[in-house]
Every structure is written in structure tokens, then in C-alpha cells.
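One structure is given below, encoded as C-alpha cells.
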There are 2 protein chains.
Amino acid sequence: MNAASPEEEVLIPGRPMLVDQVFEAILSLLLDDKISTGSPLSIDGLAKRFKVSSTPVREALARLETTGMVRREALRGYKVAPEPTASDIAALLTSRQILEPACTNIAAGNSTDELVADLEGFHRDLEASRRGGDTFAGYRAYWKADENFHRRIVEATDNEFLLRAYSAIEGSIQRFRLMVHNDMSGDHTVQEHQAIIDAIKAGDPATATAAMDKHIEGIRSRSLSLAKFGQQA
Amino acid sequence: MNAASPEEEVLIPGRPMLVDQVFEAILSLLLDDKISTGSPLSIDGLAKRFKVSSTPVREALARLETTGMVRREALRGYKVAPEPTASDIAALLTSRQILEPACTNIAAGNSTDELVADLEGFHRDLEASRRGGDTFAGYRAYWKADENFHRRIVEATDNEFLLRAYSAIEGSIQRFRLMVHNDMSGDHTVQEHQAIIDAIKAGDPATATAAMDKHIEGIRSRSLSLAKFGQQA
DNA sequence: GCCCGAAGATTCGCATAGGATTCCGAAATG
DNA sequence: CATTTCGGAATCCTATGCGAATCTTCGGGC
């Protein structure tokens, strides 16, 4: 039946271990804003909610802790990270402005047809979700497209460490998307993403870098103009 | 006795939970190179070694996984991350060259007496360990001083996200220090660190940034000149 | 009326136990 | 002799149980 070489028979590289499923499940709860900021994440409560024991829940939370999305207090349990302040937003955008333009620079140098195709695909998703109306599903698709776009550029650097550094703050980026609740009506994002794609497509690192820098600067000004956050601590 | 406000009475923020101790213990094993690259990290084995059960070991390994120092394969256990290739070294230095000069720029803008004092302290540690001879303890002190120096600068940005991004690659930086095994005889590091301190002390971000950039470029050239690694995969 | 203190309930932290899966080596077959 | 198959050992993954710390509630004292 299955001929071929023996090493190709192993086709289940990572079966869905319970701990991985729990990790994804809790991640979805956080990213979809199902749990309000600061509220406690009871280990036993999550275990009962997912119909598993506490062991995989503990392990999943230990991983999530390093993403900054949950915090652990010894003997007191885990909590969802608190509401970000205005200075948190500013700090996050500063870190993005250091990382992402530099990654875009490298990615534009590594530009391939596949990269451009992927980015254009995410860009179409973004536009489509914008027209999808104001449903929650629409918002989710919008965030997901934006997240995919930015992550794909970092992946295109083909640099494990840049990806690791970006991943370390990606969860916070996503959480802040929820707060800022960028009204999708203004299509700044679409225009700015398009400029980035054009420069990458042209294999022009300098222009691509500038475009990403301008994009994040745009996010900063739009976020702070909303100023719906408590002032910095 | 202890008057003051009631909320100041909580003075034991994080007691040494077993999982934290195990985490530190495994981290020490890895950073001191007690375990060779690629070798398996048995959960039960570590549990017996530290005289604890598997539960805290699992949790500690889950945290370590996000640092890139250990890797997990479902149902097959954890392994020490494999030997880095020359291209890995290059990629790591690229990521450092993106992050650290930018952090130095911010840190120089935030320059305080305390920061300068800390950096000078670590600098003295570095010089002292250099004179300590070629013992393993001497190497360890050297690495530790170097690590403290670089981390302190990132902390001085007062930006949680930059610190998080840097922490995500810090383990790899430390592991690569072990491989490169920088002969401490050449005092390039001492000179370059001194230049960084001087610029920060003067509150001169531009010069500080350039000094850090030059430092990492120096690490790159010295590392690659050794070329004791297998060529890139 | 307000603050303090103690008993019960809740939750965390860790140890232990029992499937389930993988790995390793020996025997059997072509 | 090479390849496959099979059985035991080792390991991982998950569930459960128990002691310890924390939080909550309720009653007493100033």
C-alpha cells in the first residue's frame, strides 16, 4: 500500500497533545477578548472548562506567561495581563519601530514571488474584512489579516532570532489591537500596507523600510489620537 | 512595629516555589555547558536528579522552550538545542545589531548616575575576571559580567517590550558565548564596553549607539574569524 | 459604626499512579 | 546476510489525591 521510503511513513510530526490544544484554547480566549483584562485565570476553572486535568493547563499557562499575556503570582495563580496604559502603548510602538522596519529591510532583500503572493493574499483578506461590516467576525478577520501580514514579513527575514524576538511581543501587539479597536473605516492601513508590498515587490529595501516605518508611525498617531486609555502610570 | 499602610505589609512577593528553583537549576546546567548540545533532557531523569516529581520539571521545561535553549518534540521529549551553525551565529548577530544599538540609543537618553554606576561595576567585574586566569570559574565570571552589562543597557530603556524581545534571544546569546569561547586575552571587549560607558555617561545617544554597533560588529568579525563551526547547513 | 480576628471554603503546588507511545534489541523470515 | 517483526523496557502524557497557603465570611471587641 504505502510504498516509498521508510522515513516518509512518519507523517504525524506533532499530534495534538492535550497541552497544545489547551494552549491554543486559552490563547483564543485571550485574543478574542473573551476574558477581561486583569481577571483571574483559575487553573482548576480552566481545567473544568476544557474537561481536562490541571496538569496540561499548568503547562500551557507556563508557556503563555512568557508571552506577557498572562502573569503569574506565586501561590496566587495566574491573571490576564492588566489593561495597558498609554505609556505601554507608546513603549510597544517604540519596540515595533525598532524591529519591524529593520525586518522589512531584510525581507525586501530576500524578496521572492512567494513572499509577494502571500502578502498580497493577506492584503486582500484585509480589504475583504473591511467590507464585511462591523460584526465581531469581521473584526477578527481584520486583525488576523493584519497579524498575518506583519508576521509574514518577519518570517521572510529567514532569521530565527528576529522571529523569536518578534514573537515575544506579538501577543501584546494583538491584545492592543483589541483595545485600540482601530475603526476599519479609515483605510490608512490598506494604503500603508500597499506601499510596503510595492517596495518589497520592487526589491527596494530602502523604500520598504521607510514604508514600514511610516506605517508604524501612522499606527502611533492614530492610536494616541484616540486616547481612550487612562493616562500613563 | 511595622506601621505604615496595610498594603505595604505584603513583603514576600515571590517565595521560591519548587518550579522556580528547578527552572534555575536546569538553566544553570545549560549555561554552564554541563549538558552537550543535542542530548536529550529526560523529564524523569531531571526529576530524580533534583529529587522532585515530574510536575515542576515539566513546567520549567515549558518555560525554557520559549527561550530557544531547549526544544520539544511531542511524545519524544525535550532536547538541548542543537549546535549552532555559522549561519546561526550570523543571524543572531544580525538580530543583536538591530536591537542593541537602538536600545543603547534610548538608554543613553535615559542616562542616570545609577545606570552608569551599574555599568562601571559590571565593567570592573569583566576586567577582574580577565585577570583571574583560565579557570572555568573565571570564564563563568567573564560571561556573567558581559551578560549583565548588555542586559542592563536594555533594562535602562525602561521598555518592557524591548526587554521581552531581548530576553527572547538572550539565552541563545549566552549559549553562543560558550561556543565562541572568546579568548579573554584580547581585550577588545573591555575597550569597546568602555567606549559605550563613556558615551552613556556623557548622555550622548548618537555616540553610544555607534559604539554599541561597533562592538557587535567586533564580536561578529572575531567570531567568524575563529570559524570553528561547521559551515552553514 | 468600624476594625480586627478566626473558621470554613477555595485554590495552588507538588507527588504519585496508570495508560499510551516510542525506542531498542532479539528472533524469525526471505 | 539483509530485512522485517515482535516483545520488553523506558519515557512521555494525563488524571487524581493531598498538604499548604490564600481568600472569604462571619462574629466579637473597642
Side-chain angles (χ1 to χ4, degrees), chain A residues 1-26 29 35 38-66 70-82, chain B residues 1-26 29 35 38-66 70-82:
Chain A
M1 314 180 180
N2 47 4
S5 53
E7 57 267 81
E8 287 189 15
E9 304 211 0
V10 187
L11 291 183
I12 23 180
R15 192 138 8 131
M17 291 292 95
L18 215 40
V19 54
D20 295 310
Q21 293 178 251
V22 171
F23 178 84
E24 294 294 334
I26 300 177
L29 288 182
I35 305 182
S39 59
L41 280 170
S42 158
I43 292 176
D44 292 343
L46 291 170
K48 276 200 270 191
R49 178 168 188 162
F50 298 130
K51 300 280 178 41
V52 298
S53 77
S54 66
T55 309
V57 174
R58 291 181 75 78
E59 211 166 322
L61 286 173
R63 284 195 225 167
L64 280 169
E65 189 188 1
T66 64
V70 308
R71 298 184 188 280
R72 180 178 83 103
E73 295 174 66
L75 294 176
R76 298 188 56 181
Y78 290 86
K79 298 163 92 80
V80 182
Chain B
M1 313 193 176
N2 48 2
S5 53
E7 56 268 79
E8 288 188 12
E9 304 212 359
V10 187
L11 291 182
I12 24 179
R15 195 148 3 142
M17 293 290 96
L18 213 40
V19 55
D20 295 311
Q21 294 178 251
V22 172
F23 178 86
E24 294 294 335
I26 299 177
L29 289 182
I35 305 182
S39 58
L41 280 171
S42 158
I43 293 176
D44 293 342
L46 290 170
K48 276 200 261 193
R49 178 169 187 161
F50 298 130
K51 301 280 176 45
V52 299
S53 78
S54 66
T55 308
V57 174
R58 280 187 151 291
E59 217 165 314
L61 286 172
R63 284 196 225 165
L64 280 170
E65 190 187 2
T66 64
V70 308
R71 299 184 188 283
R72 181 179 84 102
E73 295 173 66
L75 293 176
R76 298 187 56 181
Y78 289 86
K79 298 162 94 79
V80 183

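Note that the structure is predicted; figures quoted are calculated from it, not measured. Lettering of chains follows the sequences in order, A, B, ..., and the numbering in each one begins at 1.
For A:Lys79 and C:dT11, the NZ to P distance is 13 Å, given to the nearest whole Å. A straight line from CG of B:Leu61 to C1' of C:dC14 spans 16 Å, rounded to a whole angstrom. Between the CG atom of B:Leu18 and the P atom of D:dA20 there is a distance of 15 Å, rounded to whole Å. Note: CD (B:Glu59) to P (D:dC13) measures 15 Å, nearest angstrom. Taking atom CZ on B:Arg49 and atom P on D:dT11, their separation rounds to 15 Å, with Å as the unit. Between the NZ atom of B:Lys48 and the C1' atom of D:dC12 there is a distance of 14 Å, given to the nearest Å. In this structure, CZ of A:Phe50 is placed 16 Å from C1' of D:dT14, rounded to the nearest angstrom. Rounded to an integer number of Å, the gap from A:Asp44 CG to C:dA9 P is 17 Å.
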> After noting the C-alpha distance and the side-chain angles of A:Arg63 and A:Asp20, does the key distance pass the side-chain contact (heavy atoms from CB on, under 4.5 Å) rule?
Replying inline: CA-CA 10 Å; A:Arg63 284 195 225 167; A:Asp20 295 310; 3.3 Å; yes
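Close to D:dT14, at under 4.0 Å from its OP1 or OP2, lies no side-chain N or O of A:Thr55. Taking 4.0 angstrom as the limit, A:Ser53 places none of its side-chain polar atoms (N or O) nearer than this to OP1 or OP2 of D:dT14. Distances shorter than 4.0 Å separate none of the side-chain N or O atoms of A:Arg58 from OP1 or OP2 on C:dA15. Contact between the side-chain N/O atoms of B:Arg76 and the OP1/OP2 oxygens of C:dT21 is not found at any separation under 4.0 Å.
Atom NZ of residue A:Lys48 and atom CG of residue A:Asp44 lie 7.0 Å apart, to the nearest 0.5 angstrom.
Looking at heavy atoms from C-beta onward, A:Phe50 lies in side-chain contact with A:Ile26 at the 4.5 angstrom threshold. Side chains of A:Leu46 and A:Leu61 form a contact here, defined as non-hydrogen atoms less than 4.5 Å apart. Side-chain contact check for A:Arg71 versus A:Pro82: some heavy-atom pair is nearer than 4.5 Å.
Among the nucleotides C:dT21, D:dT14, C:dA15, the one closest to any side-chain atom of B:Val52 is C:dA15. Taking the side chain of B:Leu75 as heavy atoms from C-beta on, and the options C:dC12, C:dG13, C:dT22, the nearest nucleotide is C:dT22. Of all nucleotides listed (C:dC12, D:dC12, D:dA15), D:dC12 comes nearest to the side chain of B:Ile43.
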